[in-house]
*Asks:* 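Mind having a look at this structure? Questions to follow.
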Amino acid sequence: MAQISLTFPDGNARSYEAGVTPAEVAESIAPSLAKKAISASVNGVHWDLQWPIAEDARIAIHTMADDAPALELIRHDLAHIMARAVQEIWPDVKVTIGPVRDKGWFYDFDRAEPFVPEDLARIEAKMREIINARDPVRTEVWERARAIAHYEAAGEPFKVELIHRIPEGEPLRMYWHGPWQDLCRGPHLAHTGQVPVDGFKLMSIAGAYWLGDNTRPMLQRIYGVAFRNRNDLKAHLTMLEEAAKRDHRKLGREMDLFHMQEEAPGQVFWHPNGWSIYTSLQDYMRRQQRRGGYVEVNTPQVVDRKLWEASGHWEKYQEHMFIVEVDEEHAREKAVNALKPMNCPCHVQIFNVGLKSYRDLPLRMAEFGSCNRYEPSGALHGIMRVRGFTQDDAHIFCTEDQIEAETKKFIDFLAGIYHDLGFEKFRVKFSDRPETRAGADEVWDKSEAALRAATEAAGYAYEENPGEGAFYGPKLEFVLTDAIGRDWQCGTLQVDFVLPERLDATYIGADGAKHRPVMLHRAVLGSFERFIGILIENFAGRLPLWLAPRQVVVASIVSEADEYCREVLAALQAAGLRAQLDLRNEKINYKVREHSVGKVPVILAVGAREVAERTVSVRRLGENRTETQALDALVSALRAEALPPDMRGAGVEIAAQ
């Protein structure tokens with residue numbers, strides 16, 4: 001038998017017979033390791049303990065102490081265990097697919113009767129029986145004809161369709177969890193007992209079209225979450241409870257910020273309070289962009305398809321575009337336009353007007369651009385996932401030599417803004433070429449290398465995010481962590497050699513010849529709508545004073561104080577504060593509760609004593625105590641506190657690199 005060499009993480013290598021499995025490798029090292037082993041990595045690929053290794057490779061054996069592979073396997077195995085449990089309880093149910101997702105998994109079922117929430121406890125109980133049985137997990141590779149015949153005989157049409165979708169020549173792997181079989185690429189654990197019996201919970205039931213196609217059957221999807229132990233599960237469920245309290249849709253109603261309605265799906269109706277947050281944030285971003293050397297432009301929302309064809313969006317992005325057909329007067333055929341899904345082609349049109357020199361570069365062109373993209377109705381989510389939105393968009397036209405400096409400058413710019421907005425930390429992900437893309441591989445090689453080098457030269461570490469680049473270039477994604485530990489991808493920086501070529505953008509170089517600029521697409525917030533939703537949830541509605549739509553409410557305790565309340569209001573408004581008056585004939589405790597629910601940061605209670613002393617009784621949101629302050633001193637203090645962070649004169653601390 002031929003020998004192969006396996007190299008371990010410590011650099012040591014051992015010889016084994018070709019076809020050795022990771023389980024056998026673990027046993028050769030130590031019986032204790034073999035008992036603890038759950039999977040392996042072979043040349044960086046997650047590898048089942050039962051899969052043979054045919055050639056020289058790098059290998060690492062994983063145990064439950066290895067967080068990422070352990071969680072992937074636990075969640076993947078639970079998807080199979082749940083599907084087995086469902087079919088054991090209801091044998092007529094047809095199974096489809098059950099992928100791992102963030103924090104858990106889901107599985108889609110075809111069942112005549114709808115699942116109800118009470119079914120989840122019954123399924124969980126059956127799953128625990130299967131886990132406690134410690135049933136072995138085994139795997140085989142089958143011929144296509146055998147697999148199709150098996151599922152046709154079993155009456156599983158969705159599995160038959162999946163097999164037909166798998167490319168010829170790709171192995172068809174089957175897995176058994178005890179007696180229950182499924183088509184699956186793997187890997188999986190060695191037996192069901194390796195799944196933590198108290199580390200999972202079934203969460204919800206939803207409808208889902210087969211393969212996401214609304215012309216195909218509607219299935220029933222069951223979601224679950226899973227962790228390595230009970231404590232991690234409990235922490236996650238506690239976080240979900242807190243997230244429900246912070247839900248921007250709930251707080252949006254309580255604070256009277258916005259609403260959505262079915263006549264305009266995915267579009268936001270901003271109320272005065274919500275629009276105040278929006279304009280305050282936009283004004284802040286506008287000032288920061290001016291300081292950062294950006295020029296602001298504005299471009300049309302309805303643009304002829306010819307530009308989208310030239311840019312490549314018509315071919316690569318049309319499914320997300322809203323198409324507008326117009327009967328132009330005296331035209332032989334309808335004009336076909338599209339609402340712009342992004343601003344970049346229009347910015348190139350501005351760049352192309354007039355002759356540009358290398359001395360004009362870098363040219364940083366910004367727009368608060370209103371865009372529209374089609375999202376399936378089931379994907380819409382408050383103001384976080386919409387069809388109509390405004391980006392804090394900009395494009396930096398530069399030379400190749402300027403990519404590094406502009407990358408560092410932008411990341412520092414972004415870090416300062418995140419710090420101002422209450423986010424101290426962010427992570428950077430590097431997203432490389434997707435399957436559907438424009439441009440030759442050589443161009444992608446060049447742009448990926450340039451962005452990697454620039455990011456490293458700027459001193460920022462990054463995580464790999466394979467296949468998630470834009471269709472015209474690789475990108476950096478900037479991921480914020482909020483107050484309850486959730487991640488939000490917001491900012492982006494993309495290097496694009498493709499669009500300037502397609503739209504014939506040029507500048508005159510120092511040599512007097514024409515050259516193509518490089519185009520850096522960048523955003524800090526992403527979209528105002530989504531970022532405001534993130535801010536609302538991060539602060540649980542208790543926005544910093546400078547962003548709060550109603551900064552102060554002056555509430556009377558007795559009607560005799562009404563005139564002084566008006567004087568207090570006038571003083572606050574003269575200082576530039578967003579203040580309101582509440583002179584209703586209600587008890588002060590009622591007023592305080594109501595305005596606290598509306599997340600008003602400062603409530604000033606005014607009674608007979610305050611009138612006599614020309615003071616106010618100050619109550620801060622979230623505090624039970626009140627403090628009496630002189631009116632003039634309070635107005636001065638609130639005026640300073642309400643200044644946006646960029647106008648306070650203090651230096652901005654850059655977020656951790």
Side-chain angles (χ1 to χ4, degrees), residues 71-139 147 150-163 172-189 191-213 216-227 233 237 378:
L71 285 172
E72 179 188 336
L73 291 172
I74 289 168
R75 291 162 180 166
H76 198 173
D77 278 64
L78 279 165
H80 284 229
I81 290 168
M82 182 178 76
R84 173 181 163 183
V86 166
Q87 287 198 311
E88 287 186 2
I89 298 170
W90 299 282
D92 60 324
V93 171
K94 308 300 181 190
V95 291
T96 63
I97 55 174
V100 172
R101 61 191 292 273
D102 184 41
K103 310 298 184 190
W105 78 93
F106 68 77
Y107 210 108
D108 289 346
F109 299 97
D110 183 32
R111 184 185 181 215
E113 295 296 318
F115 290 111
V116 294
E118 292 73 24
D119 291 332
L120 299 184
R122 187 178 177 188
I123 298 168
E124 279 187 5
K126 176 61 72 173
M127 291 171 69
R128 291 190 171 91
E129 285 181 24
I130 295 168
I131 292 168
N132 289 329
R134 299 176 66 84
D135 286 338
V137 176
R138 63 187 181 89
T139 183
H150 169 80
Y151 281 118
E152 285 178 342
E156 294 284 7
F158 298 99
K159 293 296 182 183
V160 173
E161 182 177 343
L162 285 176
I163 292 170
L172 298 180
R173 185 170 288 281
M174 299 293 178
Y175 269 91
W176 287 261
H177 283 68
W180 187 84
Q181 180 187 14
D182 202 1
L183 172 72
C184 182
R185 290 190 177 95
H188 280 283
L189 294 166
H191 60 82
T192 61
Q194 288 182 309
V195 173
V197 73
D198 57 358
F200 75 93
K201 182 174 177 59
L202 302 187
M203 300 299 293
S204 61
I205 304 162
Y209 290 111
W210 171 233
L211 301 177
D213 183 345
R216 306 299 304 278
M218 173 64 79
L219 306 173
Q220 298 185 68
R221 177 172 294 178
I222 299 179
Y223 288 97
V225 294
F227 298 87
L233 173 64
L237 297 177

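Residue numbers run from 1 in the order of the sequence given.
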*Asks:* What is the distance from atom NE2 of His191 to atom CZ of Arg134, rounded to the nearest 0.5 Å?
*Replies:*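 So the gap between those two atoms works out to 4.0 Å.
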*Asks:* Which heavy atom of Gly186 sits nearest to which heavy atom of Tyr175, and what is that distance?
*Replies:* CA-CE1, 3.6 Å
*Asks:* Give the ring-plane orientation class for Phe200 versus Trp105, where under 30° counts as parallel, over 60° as perpendicular and anything between as tilted.
*Replies:* tilted
*Asks:* Can you name the closest pair of heavy atoms from Val95 and Trp180 and give their distance?
*Replies:*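 Reported closest heavy-atom pair: CG1-CZ2, 4.3 Å.
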*Asks:* Could you check whether any side-chain heavy atom of Ile131 comes within less than 4.5 Å of a side-chain heavy atom of Ile81, counting everything from C-beta outward?
*Replies:*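 Touching, per the 4.5 Å side-chain cut-off.
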*Asks:* May I have the step-by-step check of side chain to side chain contact (heavy atoms under 4.5 Å, CB included) for Glu161 and Leu211, ending in yes or no?
*Replies:* CA-CA 11 Å; Glu161 182 177 343; Leu211 301 177; 3.6 Å; yes
*Asks:* Between the side chain of Arg221 and the main-chain N/O of Ala206, is any donor-acceptor distance below 3.5 Å?
*Replies:* no
*Asks:* Just to verify, which of Arg122, Lys126, Arg128 counts as forming a salt bridge (Lys or Arg N to Asp or Glu O under 4.0 Å) with Glu124?
*Replies:* Arg128
*Asks:* Who are the salt bridge (Lys or Arg N to Asp or Glu O under 4.0 Å) partners of Asp110, not counting sequence neighbours?
*Replies:*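 Once residues adjacent in sequence are excluded, Asp110 has no partner under the salt bridge (Lys or Arg N to Asp or Glu O under 4.0 Å) criterion.
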*Asks:* Tell me whether Gln87 contacts the main-chain N or O of Val93 through its side chain, where contact means a donor paired with an acceptor under 3.5 Å.
*Replies:*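 Indeed, once roles are kept as given, a pair shorter than 3.5 Å links the two residues.
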*Asks:* If you take all heavy atoms of Phe115 and Asp119, which pair is closest and at what distance?
*Replies:*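 Between these two residues, the closest heavy atoms are CA-OD2, 3.4 Å.
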*Asks:* Quick check: closest heavy atoms across Tyr107 and Lys159, and the distance to 0.1 Å?
*Replies:*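 Shortest heavy-atom separation between Tyr107 and Lys159 comes out as OH-NZ, 3.4 Å.
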*Asks:* Who pairs with Arg101 by salt bridge (Lys or Arg N to Asp or Glu O under 4.0 Å), at least two apart in sequence or on another chain?
*Replies:*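 Arg101 satisfies salt bridge (Lys or Arg N to Asp or Glu O under 4.0 Å) with no residue once adjacent residues are dropped.
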*Asks:* Any chance you could lay out the side chain to side chain contact (heavy atoms under 4.5 Å, CB included) test for Phe227 and Arg75, step after step, and finish with the verdict?
*Replies:* CA-CA 8 Å; Phe227 298 87; Arg75 291 162 180 166; 3.5 Å; yes
*Asks:* What's the separation between atom OH in Tyr209 and atom CZ in Arg216, rounded to the nearest 0.5 Å?
*Replies:*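 That separation rounds to 12.5 Å.
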*Asks:* To the nearest 0.5 Å, what is the distance between CD1 on Ile222 and CZ on Phe106?
*Replies:*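 Nearest 0.5 Å value for the CD1-CZ distance: 12.0 Å.
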*Asks:* Show the nearest heavy-atom pair for residues Ile123 and Ile89, with the distance to one decimal.
*Replies:*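 In terms of heavy atoms, the two residues are closest at CA-CD1, 4.0 Å.
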*Asks:* Between Trp90 and Glu113, is there a side-chain donor-acceptor contact under 3.5 Å, judged purely by atom types and distance?
*Replies:*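 No - no donor-acceptor pair under 3.5 Å links their side chains.
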*Asks:* To the nearest 0.5 Å, what is the distance between CD1 (Ile97) and CG (Leu183)?
*Replies:*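 Going from CD1 on Ile97 over to CG on Leu183, the span is 11.0 Å.
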*Asks:* Between the main-chain N or O of Phe158 and the side-chain N or O of Thr96, is there a donor-acceptor pair closer than 3.5 Å?
*Replies:*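 It does not hold such a pair.
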*Asks:* What's the shortest heavy-atom distance between Leu120 and Ser204, and which atoms?
*Replies:*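 Closest approach of Leu120 to Ser204, heavy atoms only: CD1-N, 4.0 Å.
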*Asks:* Count the heavy atoms belonging to other residues, nucleotides or ligands that lie under 6.0 Å from NZ of Lys94, then report whether that count exceeds 12.
*Replies:* yes
*Asks:* Checking Thr192 side chain against Asp135 main chain: does a donor-acceptor pair fall under 3.5 Å?
*Replies:* yes
*Asks:* Do Tyr151 side-chain atoms and Ile163 backbone N/O form a donor-acceptor pair below 3.5 Å?
*Replies:* no
*Asks:* Has Asp77 got a side-chain atom pairing as donor or acceptor with Leu189's backbone, closer than 3.5 angstrom?
*Replies:*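 Judged by distance alone, yes, a pair lies under 3.5 Å.
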*Asks:* Does this structure show an ion pair linking Glu88 with Arg84, if we count only N-O contacts that are shorter than 4.0 Å?
*Replies:* yes
*Asks:* Start with the C-alpha distance between Ile205 and Val116, add both sets of side-chain angles, then the distance that settles side chain to side chain contact (heavy atoms under 4.5 Å, CB included), and finish with yes or no.
*Replies:* CA-CA 8 Å; Ile205 304 162; Val116 294; 5.6 Å; no
*Asks:* Take atom CZ of Arg111 as the centre, draw a 6.0 Å sphere, and report whether it contains more than 12 heavy atoms from other residues, nucleotides or ligands.
*Replies:* yes
*Asks:* Between OG1 of Thr139 and CZ of Arg185, what distance do you get to the nearest 0.5 Å?
*Replies:*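 Reported value, rounded in 0.5 Å steps: 13.0 Å.
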